[in-house]
Amino acid sequence: MKKLQPVRGTHDILGDKALRFRSIYEIFRRTAEKYHHHFIDTPIFEFTEVFRRTLGDTSDVVSKEMYVFEDRGGEELTLRPEYTAGIARAFMSNALTQSVPCKFYSYGPIFRYERPQKGRMRQFHQMDVEILGVPNVQADIEILALASDFLKGLGIGQHVTLELNSLGDSESRTSYREALIQYFSGFKKDLSEDSLKRLEKNPMRILDSKDEGDRALIVNAPRIAEFYNDYTKGFFADVIAGLDSFGIEYKVNDRLVRGLDYYSHTAFEFTTDQLGAQGTVLAGGRYDGLMQQMGGPETAGIGWAAGMERLAELIAADKIIAPIRPITVVPVGTDSQNAALKIAHDLRLAGFHTDMGYSGNMGKRMKRAHKSNSAFVILVGEDELTRGAVMVKNLDNGSQEEILLDHLQSYISGKL
RNA sequence: GCGGGUGUAGCUCAGUUGGUUAGAGCGCUAGAUUGUGAUUCUGGAUGUCGCGGGUUCGAGCCCCGUUGCUCGCCCCA
């Protein structure tokens with residue numbers, strides 16, 4: 001082993017970070033299940049085609065961020081760079097098109113070959129929810145409510161704002177796109193280099209450019225709302241009315257654009273100003289055209305994904321689940337080792353979290369027990385054993401008492 | 001892919017205009033206390049100064065390259 005370091009952009013998750021991840025996942029799971037979403041776990045790699053077809057060849061994700069490899073059988077595979085395409089594939093592979101609506105939640109690693117930064121890694125973790133087969137606004141409203149409940153459950157509702165937009169149906173979007181191209185083409189010499197490329201590939205992206213020169217032009221650019229047809233207008237109004245009736249706060253941002261090709265209608269992002277350049281903590285939208293793009297039947301879809309690493313930086317201390325306080329069983333001498341092991345085993349069978357003080361002198365074992373956050377140490381010594389008892393020490397107040405083995409479990413459960 | 005900052009002990013960091021054996025605190029460890037932790041006291045070990053080359057009588061310090069980390073851009077959770 002030459003390098004004992006993790007691959008760039010990957011991290012080990014342990015200690016406090018592991019606790020945060022577990023806490024967040026637990027709250028996510030409970031919230032998603034309250035909305036009766038079902039757990040789904042799809043492979044972390046798929047045929048490259050699954051992502052290439054759905055995300056669009058020109059998207060940055062496909063063109064420069066995917067971990068693509070060929071396996072020994074010569075198949076072109078890709079580590080998933082996002083959730084939706086894989087779930088959509090699973091939806092069709094398992095013939096669930098016959099069982100709509102389907103509501104899913106999932107959690108796991110996502111891979112993108114990017115330059116790492118704060119809140120951005122090459123392997124990171126997302127929590128994802130999807131509703132498939134509900135084309136009307138009920139799905140939009142519920143998926144946003146689920147997001148809002150989740151973030152409030154984490155205690156970060158105050159630090160996060162919901163930005164909302166409608167990208168319209170394809171008719172509205174096509175005419176808006178043309179209007180944008182026409183408008184910006186008149187200012188080609190003033191546009192930044194990046195935006196000139198966007199003009200070719202994805203003109204709507206110009207709208208969230210950070211370049212100052214671009215921003216001056218954007219102020220007077222056509223607004224998407226002017227190009228909504230009646231259906232889009234009504235749809236968006238209904239989503240907003242739903243949020244109002246739920247008391248969910250939002251900010252309409254008509255410059256909000258989604259990176260991936262398959263979005264339509266509702267698009268949203270929950271952002272924070274506390275994470276530097278990576279402000280988006282949860283984002284998603286409606287993707288009614290996706291299934292068809294993959295060669296399946298027309299199926300409506302909407303969902304979002306939340307970034308675990310980013311949320312872990314924001315989570316309130318009181319939402320982090322307390323580390324478990326075990327009981328540590330310490331044999332006093334080698335003679336009592338077997339008896340101690342048996343006592344620990346019995347405690348575990350009775351449901352107690354139990355650890356062993358394996359080695360070292362008494363001082364060392366006590367120290368380790370203390371460090372492991374133990375509530376009690378059970379000292380198993382020859383003297384006590386002859387009386388059918390053990391010494392139980394409370395590590396919080398230092399008191400200790402000799403307890404008959406027969407009474408051990410009831411004694412401890414009374415004190416925990 | 002582009003641009004900036006940075007790298008000394010497990011952690012947080014000192015280290016003079018380049019000058020012998022590279023330091024502190026925390027943590028770790030041994031003992032005081034061979035059946036008792038979080039307090040105290042006394043000892044101990046921390047290290048390829050990221051890596052490779054160069055300049056120099058001499059480099060942790062200067063120069064070049066490289067790599068990791070980090071911040072920003074692109075893009076995104």
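Chain naming here is simple, since letters A, B, ... match the order of the sequence lines and numbering starts at 1 in each.
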Can you pull out the residues from [range] that lie within a 4.0 Å heavy-atom distance of RNA chain B?
range                       : value
residues 367-387 of chain A : A:K367, A:H370, A:K371, A:L379, A:D383, A:E384
residues 306-320 of chain A : A:G307, A:R310
residues 42-49 of chain A   : none
residues 280-287 of chain A : A:T280, A:V281, A:L282, A:A283
residues 397-410 of chain A : A:G398, A:Q400

Which residues pass the side chain to side chain contact (heavy atoms under 4.5 Å, CB included) test with A:Q409, not counting sequence neighbours?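 Checked A:Q409 against side chain to side chain contact (heavy atoms under 4.5 Å, CB included); matches are A:D346, A:L347, A:A350, A:F352.
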
In which stems does RNA chain B show up, taking only runs of three or more Watson-Crick or G-U wobble pairs whose two distances fall under 3.5 Å?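 Only these stems qualify: B:1-7 with B:67-73, B:10-13 with B:23-26, B:28-32 with B:40-44, B:50-54 with B:62-66.
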
For [X], give me all partners under salt bridge (charged side-chain N to carboxylate O under 4.0 Å, His left out), at least two apart in sequence or on another chain.
X      : result
A:K367 : none
A:D128 : none
A:R20  : A:D16

A:Y176: what forms a ring-ring contact (aromatic ring centres under 6.0 Å, His included) with it, not counting sequence neighbours?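 Applying ring-ring contact (aromatic ring centres under 6.0 Å, His included) to A:Y176 gives A:F227.
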
With a 3.5 Å cut-off and sequence neighbours excluded, list the donor-acceptor pairs that the side chains of residues 371-382 of chain A form with protein atoms.
residue, atom, partner, partner atom, Å
A:S372, OG, A:A369, O, 2.9
A:S372, OG, A:S374, OG, 2.9
A:S374, OG, A:T328, OG1, 2.5
A:S374, OG, A:A369, O, 3.2
A:E382, OE2, A:S336, N, 3.4

